[in-house]
Amino acid sequence: MKKLLFLVIGLTISLGAAGAKKRAEQPLPADPTPRIIEIATENTAMLLTVGEKGDLLFRYYGKRIADPTPILEKRLTRRVDFCTDPQAYTAQGGREQRRASLAVTHSDGDLNTELRYVSHEVKSEKGVTTTTITTSDSKLPFDVRLVYKAYEAEDVIVAHSEITNREAGEVKLRNYYSANVALIADRYYLTQFYGQWAREMFMSETQLVKGVKTIYSQKHVRGVQLENPSFMIALDTPLNENHGNVVAGALAWTGNFDLSFEVDDFDWLNIRSGINPYSAEYSLAPGESFVTPDAIFTFSSEGSGQASRNLHDWARRDGVYNPQALRPTLLNSWEGAYFDFDAAVCKQMIDDAADMGLELFVLDDGWFGNKYPRNNARQGLGDWEVNEAKLPAGIDDIAAYAVSKGLRFGIWIEPEMISPKSELAERHPEWVVGSHNGREMTTTRQQWILDLSNPEVQDFVFGVFDRTMKLSKHISYIKWDANRHVENVGSTFLNDQEQSEFWVKYTRGLYSVYERIRKAYPDVVIQACASGGGRVEYGALKYHDEVWTSDDTDAYTRIFIQYGMSHIYPSLVMGSHVSAVPNHQTGSITPLKFRFDMAMSGRLGMELQPKDLSSEEKAFARKAIADYKELRSTINYGDLYRLHSPYDDKGYSSSMYVEKDKSRAVIFTFRFKYAGRDADCLLKLNGLDPAKRYRIREINLTDKPVFWGDGKEFSGEYLVNEGLNLSLRKVFASSVHVIEEVR
Ligand code: DGJ
């Protein structure tokens, strides 16, 4: 483990006579003054330098350099009165001309802030080095602490800022981003992850030109389907899986976000990541601080593959709730039964799930509401009592039945939401988010949102979770859904001046509920769902074990959704279910094997009426589920190597997961376009030990093996250099191969 390198160069900064006069007006940099602050992981580093006036500049992010001191002398222009380098935290004021991470109106109306280095401290613990740099405005008692957590082995740096008002009066925060990072190269290629409901995380690459490109949400709840708060930047050449310099990142915030990419006059690319300031001015009273969410960054000199592996390693260490627990395989009732079930249907599904070897049954939407029974999506949200007509013996009856069959039991809730037709809406119209002044209270999916900025609502939402858990001691999994976004914003709890703080206070309210839940229920598995992938982000994942990746369960579309998602998020959290055909979203008809092969590349589940499967199909499912359970540690905790992109013109996609000790790998390959009678899928394997010997075998077979060498032994060297040619030629042909070390 390498220690963070902190260089102290030169004992003082000479300022001359004119400088001395200015110094009287500014907080003095501590003496001896650091000139370079290196925030380093094993292979990467960010370099910040302290300028003559104490200004803190962002100078470098890339491969770690043993002696970075020449950076101190580097100039991009000969003009001495022209600062071309971005600030470590771009603040509106002074000579900053780029988009500001910080923009405030000070208590005296001044719009300028000039942050100067004051001091910094470095702490190291368990492979994480935290550098906290305190800066202060040159004129006013206003501080920003920049905190960088460097995950040494993972090559990930997580940054946030803490803004403190020490002025006599209120300060208004207009921009309050988490962090900015600057890169310098000839060309920048931005890969973003975009989509819509039931088609999330598709990928698109754009070469950036001078100016600003943003990835953005102002939808707040269910906010990441259009654009995910994550990115990859390839430097100089387009994104490549195995080659080239790449910076990747994500924001951990369950609310409005803004990631902006500005190529400036000097060809710096300034990446700014944080809470979206859209309509969200925030007041800081004297003495108050604002802590921004975590912005996550990684650098790879070996393409996007290594960048993803870094993020996955970090996520499985600190980014996801309870990462070490194996995620259970499950049957979810939604696409199999929708609202149309009773206890007998649930028990039949449980019998089938147990028979196929699944580990958990999840009862989805439709189990609650009496005055307004939840028999459709038009009513009942908020009334979280068991629907007595549908389930007269209660939830415990079904949960206990599941346990008696060797399964665990889970249940669906959507506690942030309220139907206009609900007893809750009759009791608490003031809890609904909206303008409440006679404007139309708009609905989406016939529902409104509860105002989580209000502590009473926070108590209610916690109570929904708590009371649901108490419906049966056998509940060990909650699917937490959220099926609309925020519009017509407004809170009856916040006063007129605080209305723009709603966005931040809702998310903080939500997090305080999550905190209480995790204290009370540390072991319950919680899935984040928001019409599928509307909450696929690291703010939610801190409290959730997994996400419902997408409402699109079609295995063909999932190739793209899961391929995109794998760039930023690990397969451990990727709920991936085998559903019926024709697929309920897309109408596609794919073979059961193709659907299983796809679902097994994430966290395997099923979401159909199992009684509709034939006995042959059930037998196939039984074997596939057993194999998955045996391979799950490799799939969910191994290193991911994407072998073939679905975005090229060959019409197939392939990825492999390799155990950390390189003793076992699992390869998933999917043909989705016809490319010719003799077109094989050509895979050069990756991540194996060239010196080891491996045996390869195909599982989930419904026909003869697609690799001529099935069952044979190969050297790792052969597999990575010559690789496999798989005769997967027909549309929706697929394969799963297991490669095991021969000892
Ligand atoms: C949207 C979710 O994404 C679905 O999986 C399902 O839970 C429905 N909501 C239930 O209303």
Side-chain angles (χ1 to χ4, degrees), residues 195-201 219 221-226 254 330-341 345-346 349 360-369 372-384 387 390 409-422 443-449 464-465 468 477-485 525-537 540 544-555 557-558 561-562 565 573-580 583-586 599 602-609:
Q196 62 192 83
W197 173 50
R199 195 183 181 275
E200 297 86 348
M201 293 302 277
K219 291 184 174 168
V221 177
R222 202 180 64 168
V224 309
Q225 278 165 324
L226 191 69
T254 312
L330 58 86
L331 173 68
N332 177 296
S333 68
W334 183 241
E335 286 194 19
Y338 293 107
F339 294 103
D340 194 13
F341 59 82
V345 168
C346 294
M349 289 178 116
L360 189 137
F361 173 73
V362 184
L363 179 58
D364 210 283
D365 197 354
W367 58 267
F368 52 92
Y372 302 105
R374 182 75 173 170
N375 293 328
N376 54 56
R378 292 188 293 278
Q379 60 186 35
L381 289 175
D383 303 345
W384 298 100
N387 179 331
K390 227 180 209 176
F409 182 82
I411 194 162
W412 179 97
I413 53 174
E414 195 181 1
E416 293 157 82
M417 302 289 158
I418 173 168
S419 303
K421 262 173 102 176
S422 66
T443 57
T444 298
R445 209 192 188 214
Q446 285 90 32
Q447 63 195 61
W448 291 321
I449 305 185
V464 171
F465 192 101
T468 305
Y477 179 105
I478 294 282
K479 175 174 174 180
W480 179 307
D481 207 345
N483 284 301
R484 68 159 293 172
H485 60 275
V525 178
I526 311 181
Q527 181 187 67
C529 173
S531 306
R535 268 192 179 152
V536 175
E537 52 82 25
H544 293 81
D545 304 67
E546 61 174 34
V547 294
W548 180 220
T549 305
S550 175
D551 266 355
D552 187 336
T553 55
D554 167 28
T557 325
R558 278 292 184 116
I561 295 173
Q562 294 185 194
M565 186 168 161
V573 305
M574 226 183 265
S576 185
H577 297 176
V578 175
S579 61
N583 182 266
H584 294 190
Q585 289 76 34
T586 66
R603 191 278 288 132
L604 172 67
M606 293 180 80
E607 187 163 335
L608 42 63
Q609 173 44 281

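Whatever order the structure lists them in is the order used to number ligands and atoms, beginning at 1. Positions are given from 1, in the same order as the sequence printed here.
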Check Glu416 with Arg535, please: is the shortest side-chain N to carboxylate O separation under 4.0 Å?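 Judged by the 4.0 Å cut-off on N to carboxylate O distance, Arg535 and Glu416 do form a salt bridge.
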Mark yes or no for whether [X], through its side chain, and [Y], through its backbone, hold a donor-acceptor pair below 3.5 Å.
{"X": "Ser419", "Y": "Gly380", "value": "yes"}
{"X": "Glu414", "Y": "Asn483", "value": "yes"}
{"X": "Gln585", "Y": "Asp551", "value": "yes"}

Which residue and atom name correspond to the protein heavy atom nearest atom 4 (C) of ligand 1, and how close is it? Asp551 OD1, 3.4 Å
Among all protein heavy atoms in this structure, tell me which lies nearest to atom 6 (C) of ligand 1, with the distance rounded to 0.1 Å.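 Answer, as residue, atom name and distance: Asp364 OD1, 3.4 Å.
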Report yes if the side chains of Trp367 and Phe339 come closer than 4.5 Å at any heavy-atom pair, otherwise no.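 With C-beta onward as the side chain, the pair stays apart.
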For [X] and ligand 1, does the shortest N/O to N/O distance drop below 3.5 Å?
{"X": "Trp334", "result": "no"}
{"X": "Arg374", "result": "no"}
{"X": "Lys479", "result": "yes"}
{"X": "Gly532", "result": "yes"}

Against ligand 1, does Cys529 come closer than 4.0 Å with any heavy atom? yes
Ligand 1 atoms nearer than 4.0 angstrom to some heavy atom of Asn483 are 1 (C), 9 (N)
Can you sort out which atoms of ligand 1 are near Asp365, meaning under 4.0 Å from one of its heavy atoms?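 This gives 10 (C), 11 (O) as the contact atoms.
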Quick one: is the NZ or CZ of Arg222 closer than 6.0 Å to the six-membered ring centre of Trp480, and within 45° of its axis?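 Cation-pi check for Arg222 and Trp480: fails.
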is_close_aromatic(Trp412, Tyr477), centroid dist under 6.0 Å: no
Please work out, at 4.0 Å between heavy atoms, whether the side chain, the backbone, both, or neither of Arg445 comes within that distance of ligand 1.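 The answer is the side chain.
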